[in-house]
2 protein chains.
Amino acid sequence: MITKNKLNRKQQIIEKATQLFQKQGYAATSMRDLASYIGIEAASLYSHIKSKEEILQTICFQMANDFFESLEKIELEKSSADEKLKKAVISHVIVLTKDSAASAVFFSEWRHLSESYLKDFLSMRNNYENKFIQILIDGYKEGVFKKMDAKFTVLALLSSINWMPSWYKPEGKLSPEEIAENVTDVFINGLKIRS
Amino acid sequence: MITKNKLNRKQQIIEKATQLFQKQGYAATSMRDLASYIGIEAASLYSHIKSKEEILQTICFQMANDFFESLEKIELEKSSADEKLKKAVISHVIVLTKDSAASAVFFSEWRHLSESYLKDFLSMRNNYENKFIQILIDGYKEGVFKKMDAKFTVLALLSSINWMPSWYKPEGKLSPEEIAENVTDVFINGLKIRS
DNA sequence: CCTACCGATCGGTAGG
DNA sequence: CCTACCGATCGGTAGG
């Protein structure tokens with residue numbers, strides 16, 4: 001019972017912290033802020049978490065894991081590079097929109113992680129980007145994509161998607177699939193009418 | 001003499017603050033941090049600036065003005081929508097890369113502006129985005145761009161470019177023009193080989 | 001541009 | 001989960 005309540009409370013703390021970190025930023029959010037939104041004293045937070053940074057770590061590495069898992073499923077499939085890219089983007093958008101507040105924190109507050117966590121984080125991110133780069137390189141080899149700077153293109157592609165949490169509203173008219181459809185359509189086919 | 005030295009010192013303060021705001025974020029950068037990098041006491045900063053926020057305001061509105069001015073020049077030109085889009089992106093990238101630290105602060109720290117400044121900032125940003133949206137709509141009417149969600153596409157396009165300050169290194173091999181070339185090429189023509 | 005200092009607030013601990 | 005509290009640090013001012 002006690003354990004279960006503690007878990008729920010911890011979850012509640014992380015959820016509320018996620019919202020506040022997104023709105024105000026990690027550094028500008030105080031533990032007293034957080035506590036008052038939850039309805040307890042600041043000191044009481046420390047019965048459930050070890051430190052402010054632990055909350056940020058939980059958010060960042062949970063998101064990182066979600067992104068990785070979803071991409072690894074795509075990698076195993078046997079399909080052409082353009083299909084793979086499309087599927088990878090859809091998965092990415094689905095993870096992103098499932099918790100857009102956590103995603104926003106993940107993308108803009110990671111630099112406040114302390115050194116060893118920061119190192120892990122950056123290496124995971126690099127790894128993830130490389131998987132996308134590989135898909136583009138494969139697509140070039142298969143003759144389906146044209147010659148390009150694969151790393152540059154992937155960073156541009158991911159940036160255009162990752163910025164979404166800042167303006168994506170779940171009440172909006174676009175589903176994650178439709179968003180991914182729009183993004184990949186522009187990136188893969190371009191804006192120009194085919195002649 | 002005194003006036004001139006003061007102006008130089010003020011510039012120096014803003015430049016160093018820009019670097020620190022980019023690296024650590026606005027909220028996590030203290031005036032004591034800033035002062036010690038410059039080699040004076042924290043209290044002495046206030047001979048040159050009114051407040052910490054004034055520095056952020058200067059950075060944000062200077063960048064906003066630069067972006068606006070460069071886009072307004074393009075708007076006056078008589079050219080097709082796809083050429084206009086390309087030129088607009090090039091101008092945008094040039095402004096962005098001319099001071100990538102200030103750009104990074106501009107894009108990620110604006111939310112720390114106090115209310116009235118925040119309001120002005122958001123309205124300027126909206127205005128800027130609408131100019132891009134208009135170019136896409138014109139392109140559709142001219143028959144050069146296909147049907148699409150213009151707002152969505154512009155936000156994706158600008159996001160992919162705006163993220164650049166976080167990984168663009170001036171020592172890198174790509175010039176602003178080449179970067180703009182790459183971005184517009186993918187966006188306008190897509191990744192796929194034309195059949 | 002400095003010394004001296006202000007009130008407020010920070011993340012976090014002790015002890016119950 | 002609370003009260004009581006810690007040392008550190010914050011943005012900023014007074015007065016020279």
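Keep in mind that what you see is a predicted model, and the values were worked out from it rather than measured. Chain letters run A, B, ... following the sequence lines, proteins first and then strands; every chain starts at 1.
- Of the two residues near DNA chain D, A:Arg32 and A:Ile38, the one whose nearest nucleotide lies more 5' is A:Ile38.
- What separates NZ of B:Lys50 from P of D:dG12 is a distance of 12 Å, to the nearest Å.
- For B:Ser30, a side-chain nitrogen or oxygen approaches OP1 or OP2 of D:dC10 to under 4.0 Å.
- Of the side-chain N and O atoms in A:Ser44, one or more sit less than 4.0 angstrom from OP1 or OP2 of D:dC2.
- A donor and an acceptor atom, one from each side chain of B:Gln19 and B:Glu15, are nowhere located under 3.5 Å apart.
- Between the CD atom of B:Glu41 and the C1' atom of D:dC10 there is a distance of 15 Å, given to the nearest Å.
- A side-chain N or O of B:His92 and one of B:Tyr128 form a donor-acceptor pair less than 3.5 Å apart.
- Distance, B:Glu53 CD to D:dC10 P: 18 Å, rounded to whole Å.
- Proximity note for A:Tyr46 (side chain, C-beta onward) versus D:dC2, C:dT13, D:dG11: the nearest is C:dT13.
- In this structure, the CD atom of A:Glu54 is 14 Å from the C1' atom of C:dG11, given to the nearest Å.
- The base-pairing partner of D:dG15, taking Watson-Crick or G-U wobble contacts with both distances under 3.5 Å, is C:dC2.
- B:Ile13 has its CD1 atom 15 Å from the C1' atom of D:dG11, to the nearest Å.
- Side-chain nitrogen and oxygen atoms of B:Arg9 include at least one within less than 4.0 Å of the OP1 or OP2 phosphate oxygen of C:dC1.
- The interatomic distance linking B:Lys52 (NZ) with D:dG11 (P) rounds to 4 Å, in whole Å.
- A donor-acceptor pair shorter than 3.5 Å cannot be found between the side chains of A:Glu142 and A:Ser80.
- Nucleotide C:dC10 holds its C1' atom 12 Å from the OH atom of A:Tyr26, rounded to whole Å.
- Nucleotides of DNA chain C nearest to A:Ala43 and A:Asp33 differ in position, and the one nearer the 5' end is that of A:Asp33.
- Nearest heavy-atom pair, B:Ala27 versus B:His112, reported as atom, atom and distance to 0.1 Å: CB-NE2, 4.2 Å.
- For B:Ile40, whose side chain is taken as the heavy atoms from C-beta onward, the closest listed nucleotide among D:dC2, C:dC1, C:dT13 is C:dC1.
- A:Leu56 has its CG atom 15 Å from the C1' atom of C:dG11, to the nearest Å.
- Remark: B:Lys16 fails to qualify as a cation-pi partner of B:Phe21 under the 6.0 Å distance and 45° angle criteria applied to the six-membered ring.
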